[in-house]
Each structure stands twice: as C-alpha cells, then as structure tokens.
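In what follows, every chain begins at residue 1, and chains take the letters A, B, ... in the order their sequences are listed.
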There are 2 protein chains.
Amino acid sequence: MAKFQTVDIGRSASAASIIFAALRRAIVEGDLADGEPLRQDEIARSFNTSRIPVREALTMLEQQGLVKTERYKGAVVAGLSMAEATEIFDFRALVEAEVMRRAVPKMTAEVLDTARACLERFAAASDPMHYGDLNREFHETLYRASALPYHLGVIENAMDRIDRYLRAQLVLSDGMERARREHLAILDACAKGEAERAAALTAEHILGARDSLAEHMGSVSR
Amino acid sequence: MAKFQTVDIGRSASAASIIFAALRRAIVEGDLADGEPLRQDEIARSFNTSRIPVREALTMLEQQGLVKTERYKGAVVAGLSMAEATEIFDFRALVEAEVMRRAVPKMTAEVLDTARACLERFAAASDPMHYGDLNREFHETLYRASALPYHLGVIENAMDRIDRYLRAQLVLSDGMERARREHLAILDACAKGEAERAAALTAEHILGARDSLAEHMGSVSR
DNA sequence: GTATCGGATATTGGATCCAATATTCAATAT
DNA sequence: ATATTGAATATTGGATCCAATATCCGATAC
C-alpha cells in the first residue's frame, strides 16, 4: 500500500507542451495578430529554453493549422480568409448540432446547473475578453454530456481556428446581448429534454455568428 | 522572362516531413501493428538522419492521434478501442454525407469520369491491399468537388485513424462485393444530380462498414 | 525459493554547435 | 537615378553531445 502521496513529477508536462499551450492560447485569444512572425530564438529566450522545444511547439501548432511555416523563413500566425472562416462556421454548425442532439438525453441536473452558472458568470463578467472563455465553457459543458470525445476534440480544433474573430465580433454591437439570449434558449431546450430543438438552436446560433462576422468584417485577413 | 526551368530545390520537403509521411503511411496501411513501439534511434538510422527530425515527425503523428508518446518511454502506434472506432465512423457518416450533399451540384463530367475510372480499377485490382487506396481515392474524388478544403482535411484525418481496420475488414467475406455495389449506387446518384440520395447512401455506406467491423471483430484493440 | 534492492543499459528530452539559405544594404555599373 | 551585384546579417533545419529516468537483471536478505 502506498503510504505517501505520489506527485507524478515525471509526468509533468514537457517544455515543448508548455510552450505549445502558451502560444496556442495567445493565438486563440488574438493576442498575436494574423501574420505575426514567431521567431524561434525570441520565444526560446522568453521561456529560458533552447530552440529545440520551441520548434516542437511550432510543429504542433502547424499541425493544428494555427501557424504556417516556410523553410528558412519561419512561422507566422495563420490568418483565415473569409471563405475559410465561413467554411469552419458551417462545419461547426453541422457537428455541434449533432453532438447537442446526442448530448441532451444524457444531461444530468448537475450538467445543467454548471451550464446555468456559466451563463450567470457570463452576464456578470466585467472583462469583455473573458466572454470568449465563458462562451466556450458553456458550450463545452453541454457537449461533454454526449460522451463523444473524438467529436469534442474536432470541435475544439475548429473553435481554436476562429475564436479570435468570434471574440472580436462578440464585443461589437449587439453580439453580447444576442449570445446571451440564444444561450438561454439553448439551455431551456436542454432542460426540457427537447434534443431536436436544442440541436436546431445550436446550428442557428453558430450560423448567426457566421453571418454577423461576415457583415462586420468585409474580409478577415489576406 | 525565365529562360530556364526552375526546380525549387529550396522548397523540397524537409527531412521531418518525409519521415512523417513514411510513418503515417505505414500506420494507416496497417504495416505497423497497434502498440508497436517506434524507437527514435532505429528510425533515425533507417533514414540516415539524426533523431531530431524523427522527433519532429513523431510530434506530428501524435497531434494527428496516430501515436501516443509517454515521457522516457517513447511513442507507440495508437490503437483504437471499439467505442473510439465506432465514434469515428459516426463522425464520418455525419460529415461525409454533408460534404457529398454539397458536392453533387458541383460535379462536372470530368469528376464523374475520374470516379468511374476509380471503380473500374477497384474491380480489376489484384492486390487486396491496394483496395484501400482506391477506396479513398474514389470518395475523395467526389468530395473534392464540394470545394470545402477544411472539411476534406478533417475527413482525411478521421479516415487515417480507422483505415487499417477498414482495410482488414474489406478483404473479409463479402466486404469487397458490398463496397463495389454501394459505390456504384453512390456514383449513380451523383450522376443523376440527386444530392439527397447520394448523401443518404454515403451515410449508409459508412455506417454499414461500422457495423460490419463491429461484428467481425469483437474488440479492435486494447 | 522468493521478494527486494542496486547498478548497468536503453531511451528519451533538451542544450549547444554547425550548415544552408533568405534578406538586407551598401557599392558599383549603366 | 536606377538597377544589379555581392558581402554581412538573421534565421531556420539538422547533427552531436549531455542530463534524466525507465527498464532489466543479478545479488542479497529473509
């Protein structure tokens, strides 16, 4: 029997995955602008490591489509054209609606409470840049009930690619107010066990964001 | 004006991406068994490089979910549980049906001819292990007409994860014959411009393969 | 005979060093 | 004045070397 609590320091994250997580977050939140070059040397210095783990992190980001690398030129934050962004919204609408459809029958009271708490924090949030996190948390809480890990992973990746634009759009005009209203409607459908309605509302919610983004920004990038 | 043909040797693939492509192919085709350890040193020797580009290739594979890495233990080919495989089939059915629905109205005669040629090669193929390639080529040819690159990428990734099991199942019993029949039906719907029917047939085609796999193999791995 | 401990070996993660090439900018020819 | 050439610099990709740790196997205690 174990008499001491083990701490798994051996399983602690590698330098590369720490750097990856930090860069990913910076890109997803929009702190790094589209096209911004990511210098290996500079990043290595800021993390007090060599360039090796930095390169590993950059290859991970490239696999996720968050950066583009060119030989002898380096990595830059990968921006999306309007067509690409639109396609990703369409994809999300398709997959998230289906996940929602399958999640509703499995939602426990606890899941619904957690989601409700998310919305309350969303309404009370003072920092606009925090909306994005709460938005994701709300949706993920509901989706997780589906017990479809592969779907969740794919959704997360798609979300990463467009989150910056979504966040920028959320603070504009009536973005916040509409999101709040639509979230309430989705949660209501979930609470009543109406899977089809929840799925339809989810798709509308995402496609509405797509159209709103297309209006506000003529072209997102390059 | 350019008087000489330029060859872009500078843009030639890096060692890491060559190794990645080779390992990916080996895993997807099932030449490397589930759980098989991938030793950096060994791979490096067989490609006449150092371990650095090998590690880069392994991180790419890990991002794709094709290998699992553990610190100080190394990378192994990532097998799928029955539940995971089933989920990926469901995902494919959802996404590929939608892509097909949107592709049909855009299919030119050339696309249809290319797909038809695929099927003929499929029927005439002598090497059973070549079926898998032709199967993918057939579907991809049709999907590409949709002009939805993000969707295609996601589908490709999902396909990579289950292709081994699919190939193994294809050569069993009536797998080949049924695939041939279903492909013809799909192509027929496409040729007649019946998008909804093509989409429905595509979903059935994939879910049928899912069920067939579930029958033939009690558990896929681990 | 069996279980536990300790060192040898194997293997990975990271640091440092070297090679290759893109970019920049000054010098020069037209 | 402008376009071209060539050297200096910056930056990446890969090789070699070092540190950390998991695994294996023999020695030892009971």
Solution key, residues 19-30 of chain A side-chain donor-acceptor pairs under 3.5 Å, sequence neighbours excluded:
| from | atom 1 | to | atom 2 | distance (Å) |
| --- | --- | --- | --- | --- |
| A/R24 | NE | A/D160 | OD2 | 2.7 |
| A/R24 | NH2 | A/D160 | OD1 | 3.0 |
| A/R24 | NH2 | A/D160 | OD2 | 3.2 |
| A/R25 | NE | A/E29 | OE2 | 3.1 |
| A/R25 | NH1 | A/E29 | OE2 | 3.3 |
| A/R25 | NH2 | A/E29 | OE2 | 2.8 |

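Under the ring pair (Phe, Tyr, Trp, His ring centres under 6.0 Å) criterion, B/F89 pairs with no residue, sequence neighbours left out.
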Kindly indicate, with the supporting measurements, whether the criterion side chain to side chain donor-acceptor pair (under 3.5 Å) is fulfilled by B/Q169 and B/S212.
CA-CA 8 Å; B/Q169 183 263 324; B/S212 171; 2.7 Å; yes
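The pair A/R92-A/E96 meets the salt-bridge criterion, since a charged nitrogen lies less than 4.0 angstrom from a carboxylate oxygen.
Between B/F122 and B/Y131, the angle of the ring planes lies from 30° to 60°, which puts this pair in the tilted group.
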Going 5' to 3' through nucleotides 7-18 of chain D, assign each nucleotide B (protein heavy atom under 4.0 Å from a base atom), S (under 4.0 Å only from sugar-phosphate atoms) or - (no protein heavy atom that close).
----SBBBBB--
